[in-house]
There are 2 protein chains.
Amino acid sequence: MKVQLRVNMNEALFLRNPEETDLGKKIIKYSILLIHKNGFESFTFKKLAEESGTTEASIYRYFENKHRLLIYLVTWYWSWLEYQISFQTNNMADPVKRLRKVIKLLTTTVEDDDSTSYVNESLLHQIVISEGSKSFLTKHVGEDNKLHFFKPYKDLCAVIGNMILACNPDYKYPKSLASTIVEMAHFQNFFMHNLPSLTDFGLKKEEAEIVDFLNDLVFTSLNKS
Amino acid sequence: MKVQLRVNMNEALFLRNPEETDLGKKIIKYSILLIHKNGFESFTFKKLAEESGTTEASIYRYFENKHRLLIYLVTWYWSWLEYQISFQTNNMADPVKRLRKVIKLLTTTVEDDDSTSYVNESLLHQIVISEGSKSFLTKHVGEDNKLHFFKPYKDLCAVIGNMILACNPDYKYPKSLASTIVEMAHFQNFFMHNLPSLTDFGLKKEEAEIVDFLNDLVFTSLNKS
DNA sequence: TTAAAATGATAGTAAAGCTATCGTAAATAA
DNA sequence: TTATTTACGATAGCTTTACTATCATTTTAA
């Protein structure tokens, strides 16, 4: 059985839906490759056009600017991850086990998923680590938020926040702890690889250590009487 | 008694030391005002030149590019904050009280400090919240790190990591917890003001609540038997 | 006071970040 | 089928950004 996974994206993010055309899928595919390779700062629509065998003008027919495209990629990832979480924690009765699973999914390198042909989730995961924060750390975060660009991120955090409450209904900061887990799953990964003295994982550089740290952080907070 | 505070900056960050000339101080002063007002993305040396009554060319004599200037500002802040911490926790015997003080200093809005005339610490604090991560979230973080640009940040985290060990010598993740505290002091602040559903502080929007959250997070982790 | 250093004034270049137009091919509707 | 949208490619052009270079003038230091 082959199932095709399709992520429902906010229509305000694009001018023309990239999922619906070959060119659109190429734009997504090569934007992931290019941003992963050279970083978001040096990424331009001109380079993307060359790489994907089209013209700058054509890309502007899909996305207003490169920042919108970044938000598109990042929120695609959050939506996809929330789906992965709901799929993989389905039928898990124990809320603690569910939360442990979530921490592992957030932290661990994802394998490329064949059910989404033009998106390389593994590269996208690394992009979200390095560039994800830039999607909201702007002066126009308020307007972008009004357009609901960050809904997938907020939804994911809300899901995690509810799992936290399922573990301990009396815990006072479920939302803040949820966003802390998500951000730290990525920041500790970035630090481990680039500024290792900011972590305790400089020697082995294994994601499993980040998982241990986050598990310790979260469950000591939730288990106190 | 009036003391002038001077932060020792990494010489590789600038071409000409901005602390040593009137123009240099103006560049720092107005770059803080401009970045705070319009954000780092729309900040240019041309606008800065107009604002500070000089020319683009003159600013390029001080800083290679705007990213170096951002790192200058952010690391200046980290150095200043580490000094504030050492000053304000001096003579505190109880390591728990010291760490609480640090969390408060990290999280709470700073007042403008008269002993550094051309730097508005309060505005700079907000810049570090919104733009600070961009100083290292780049493709050239490795080279920048080799030039020791992030030493003040690492030093600060190391100090906090040692305070964590002073509270509990057996705690396994002092460095990661330190960087988590620092990052979350800022991210929870940004979220509270811009994406409040990611926090538990959306109603009152008070920094004191972030302090409570971080204290809870840190000290339950450190107090477990 | 004289030389050196810092700044201002001005010019210029390549690239980034767009917008506009036109022709054609392919998809779609009448 | 024919007519007509629609999508895309090709090309041009415009403003801003991110620099570099040159030379005159002012300030500072020896």
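Below, each value reflects all heavy atoms present in this structure, side chains not excepted, and no hydrogens, waters or symmetry copies. Residue numbering restarts at 1 for every chain, and letters A, B, ... go by the order of the sequence lines.
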### Task
Could you list the residues that satisfy side-chain hydrogen bond (donor to acceptor under 3.5 Å, both in side chains) with B/Glu82, not counting sequence neighbours?
none
#### Entry: Pairing residues for B/Ser176 by the side-chain hydrogen bond (donor to acceptor under 3.5 Å, both in side chains) criterion, not counting sequence neighbours
A/Gln188, A/Asp200
### Task
Output all residues satisfying salt bridge (charged side-chain N to carboxylate O under 4.0 Å, His left out) with A/Arg68, sequence neighbours left out; order by chain, then residue number.
A/Glu64
### Query
Sequence neighbours excluded, which residues qualify as salt bridge (charged side-chain N to carboxylate O under 4.0 Å, His left out) partners of A/Glu51?
none
### Task
Begin from the C-alpha positions of A/Phe45 and A/Phe63 and carry the test ring pair (Phe, Tyr, Trp, His ring centres under 6.0 Å) through to its verdict.
CA-CA 10 Å; A/Phe45 277 4; A/Phe63 290 98; 7.2 Å; no
### Task
Report yes if the side chains of B/Ile59 and B/Thr55 come closer than 4.5 Å at any heavy-atom pair, otherwise no.
no
### Strand contacts (DNA chain C) in residues 18-36 of chain B, 4.0 angstrom heavy-atom criterion
B/Thr21, B/Leu23
Listing request: all side-chain hydrogen bond (donor to acceptor under 3.5 Å, both in side chains) pairs with a residue in [range], at least two apart in sequence or in separate chains.
{"range": "residues 122-133 of chain B", "value": "B/His36-B/Gln126, B/Glu131-B/Lys134"}
{"range": "residues 141-158 of chain A", "value": "A/His140-A/Asp144, A/Asn145-A/Lys154, A/Lys151-A/Asp155, A/Tyr153-A/Glu183"}
{"range": "residues 8-35 of chain A", "value": "A/Thr21-A/Tyr62"}

### Message
Just to verify, what does B/Glu50 make a side-chain contact (heavy atoms from CB on, under 4.5 Å) with, not counting sequence neighbours?
### Response
B/Lys46
### Query
Which residues, if any, of residues 136-146 of chain B bring a heavy atom under 4.0 Å of DNA chain D?
none
### Task
Check the pair B/Phe201, B/Phe191 against ring pair (Phe, Tyr, Trp, His ring centres under 6.0 Å), reporting the backbone distance first and the verdict last.
CA-CA 9 Å; B/Phe201 325 124; B/Phe191 288 156; over 10 Å; no
### Query
What heavy-atom pair brings B/Ile103 and B/Thr107 nearest, and what distance separates the two atoms?
O-OG1, 2.7 Å
#### Entry: Short side-chain N/O contact from A/Tyr62 to OP1 or OP2 of D/dC8, under 4.0 Å
yes
### Task
Please find the earliest and latest nucleotides of DNA chain C, in the 5' to 3' direction, that have an atom within less than 4.0 Å of any heavy atom of chain B.
C/dA6 to C/dT10
### Query
Going 5' to 3' along nucleotides 10-19 of chain D, which nucleotides have protein heavy atoms under 4.0 Å from the base (write B), which only from the sugar-phosphate (write S), and which from neither (write -)?
BB-----SBB
